[in-house]
Amino acid sequence: MAHSVTFIPGDGTGPELAQATRRVLEATGVELEWDEHPAGEDVFREEGTPFPERTLASIREHGVGIKGPTTTPVGSGFRSVNVLLRKELDLYACIRPCKAYEGVRTRFPETDLVIVRENTEDLYAGIEFEVGSNENAQLRETLARLGASVRDDAGISVKPISVFGSERIVEAAFDYAERNGRRKVTAAHKANIMKFSDGLFLETARKVAERHPDVQFEDRIIDNLCNQLVSRPEEYDVIVLPNLYGDIVSDLGAGMIGGLGLAPGGNIGTHAAMFEATHGSAPKYKGLNRVNPTALMLSGVLMLRHLGEHVAGDRLEAAIAAVIREGEKVTYDLKPSRDDPSAVGTSEFADAVIEAMNANAV
Ligand code: NAD
């Protein structure tokens with residue numbers, strides 16, 4: 001049976017990356033019916049919204065989508081499409097595998113992590129009180145009555161972490177571990193300092209872990225985790241984190257595997273999942289057929305596995321890995337020097353991946 005998938009090319013370099021990804025996904029032989037809809041800067045210019053209702057309706061209908069990056073112009077008045085998507089569809093889990101492929105220059109070649117970041121709570125919940133505002137004064141008065149004094153020249157951001165939010169993100173981490181043959185989940189926190197927010201996250205994580213005896217569980221204080229990730233990355237497997245730490249450690253992981261051009265991602269909720277690269281729209285390369293489609297192609301691999309197409313997902317990942325290992329038909333960022341004349345374009349990289357799949361070389 002064909003899988004219906006919402007296809008959002010995005011803007012900037014998004015359309016060229018999305019087209020290359022669509023071609024390699026089709027070449028796996030999995031039947032995919034694309035329902036293409038716009039999002040981002042270009043459609044904002046034409047229709048006055050970066051995220052038309054029909055795009056959202058399509059994702060709601062199909063439950064699965066793949067998206068090229070979209071620009072969020074600074075000071076434009078429109079909110080990030082990615083934030084809107086996560087909010088509208090309650091895509092509470094951000095899954096970011098960080099695997100160092102052979103052939104990529106990295107100081108951490110043993111890295112093979114999966115970062116599971118909570119997407120909806122924590123300091124990113126947007127509960128903020130501006131210095132000098134009435135609301136800020138009221139909140140400080142309430143806090144003073146409760147015995148907590150805050151300077152009157154302080155801006156205040158609130159960090160809510162709930163049992164509900166913690167339970168579902170830790171469940172998502174164990175679910176990913178079980179479905180993908182992973183051995184261990186590590187929960188990262190700062191529960192020694194923030195006892196009632198991070199402490200609750202940790203307590204909840206421990207309870208969830210009891211329900212999954214076949215996967216090991218451990219916890220790490222976030223600063224210690226960062227230290228250990230760059231000294232002993234091979235000891236880590238799936239790492240689950242609240243929103244802020246998850247954001248930071250995701251980029252740390254991307255750096256460890258050789259850069260943003262290689263880091264895929266998926267935002268998963270109860271009713272929908274959206275797959276996209278970690279990087280942005282790299283607008284300065286728009287239309288140049290130059291940027292690396294690996295991150296979006298690997299997001300496509302995640303999508304195939306999400307759809308239950310594990311064999312196709314493994315084949316596509318192996319083909320991408322083979323092209324990178326070979327090092328010949330790769331984009332400029334994967335060459336020893338950035339102006340290497342032998343670098344190929346986005347589209348030719350896709351051709352090489354398709355060739356590798358067809359040649360049964362993988
Ligand atoms: P960016 O990730 O777009 O680009 C930063 C630099 O990283 C690029 O100039 C390029 O040198 C390199 N790079 C990024 N992707 C690459 C690739 N596939 N291959 C090779 N090199 C690559 O970050 P930015 O410039 O900060 O953001 C540009 C726009 O993208 C902003 O409007 C931002 O809001 C948006 N953004 C979108 C998403 C998303 O859609 N998921 C994510 C992050 C940023």
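Given the structure is predicted, the values throughout are model-derived calculations rather than measurements. Read the numbers this way: they start at 1 and go in the same order the structure lists the ligands and their atoms.
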Polar side-chain atom of [X] near backbone of [Y] as donor-acceptor pair, under 3.5 Å:
X: Asn289; Y: Thr346; answer: yes
X: Glu178; Y: Val215; answer: no
X: Lys159; Y: Ala125; answer: no

Problem set entry | Inter-residue atom distance Leu296.CG - Phe275.CZ, 0.5 Å rounding |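 It is 11.5 Å, given to the nearest 0.5 Å.
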
For [X], counting its heavy atoms only, list the atoms of ligand 1 lying under 4.0 Å from any of them.
X: Ala282; answer: 3 (O)
X: Thr71; answer: 32 (O)
X: Lys67; answer: 40 (O)
X: His279; answer: 2 (O), 14 (C), 15 (N), 18 (N), 38 (C), 39 (C), 41 (N), 42 (C), 43 (C)
X: Pro69; answer: 40 (O)
X: Tyr285; answer: 10 (C), 11 (O)
X: Lys284; answer: 9 (O)

Can you check whether [X] reaches [Y] side chain to side chain, under 4.5 Å on heavy atoms?
X: Val238; Y: Val116; answer: yes
X: Leu56; Y: Glu53; answer: yes
X: Thr294; Y: Thr331; answer: no
X: Arg206; Y: Leu202; answer: yes
X: Val323; Y: Met297; answer: no

For this session: May I ask you to say whether Lys184 pairs ionically with Glu235, meaning some side-chain N is under 4.0 Å from a carboxylate O?
Result: no

Exercise. Hey, is Lys286 close enough to Asp11 for a salt bridge, meaning N to O under 4.0 Å?
Worked result: no

Taking [atom] as the reference point, the nearest protein heavy atom with its distance:
atom: atom 7 (O) of ligand 1; result: Leu260 CD1, 4.9 Å
atom: atom 20 (C) of ligand 1; result: Tyr332 OH, 3.4 Å
atom: atom 35 (C) of ligand 1; result: Thr70 O, 3.4 Å
atom: atom 30 (O) of ligand 1; result: Ser281 N, 3.0 Å
atom: atom 36 (N) of ligand 1; result: Gly280 CA, 3.4 Å
atom: atom 41 (N) of ligand 1; result: Glu276 OE1, 3.1 Å
atom: atom 33 (C) of ligand 1; result: Thr72 N, 4.2 Å

Problem set entry | Option set Leu334, Asn292, Thr331, criterion heavy-atom distance to atom 18 (N) of ligand 1, minimum |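 Looking at heavy atoms only, the winner is Asn292.
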
Determine if the distance from [atom] to the closest protein heavy atom is below 4.0 Å.
atom: atom 25 (O) of ligand 1; value: no
atom: atom 12 (C) of ligand 1; value: no
atom: atom 5 (C) of ligand 1; value: no

Please state which part of [X] comes within less than 4.0 Å of ligand 1, counting heavy atoms only: side chain, backbone, both or neither.
X: Asn82; result: side chain
X: Thr278; result: backbone
X: Pro283; result: side chain

Exercise. Can you find an N/O atom of Asp333 closer than 3.5 Å to an N/O atom of ligand 1?
Worked result: no

Exercise. Could an N or O of ligand 1 be found under 3.5 Å from any N or O of Arg338, whether backbone or side chain?
Worked result: no

Problem set entry | For Leu225 against Arg220, the heavy-atom pair lying closest together |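 Closest heavy-atom pair between Leu225 and Arg220: CB-CB, 4.1 Å.
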
Exercise. Regarding Arg290 and the six-membered ring of Tyr332, is the cationic atom NZ or CZ under 6.0 Å from the ring centre and inside 45° of its axis?
Worked result: yes

Exercise. Cationic tip of Arg168 within the cone over Tyr92's six-membered ring, i.e. under 6.0 Å and within 45° of the normal?
Worked result: yes

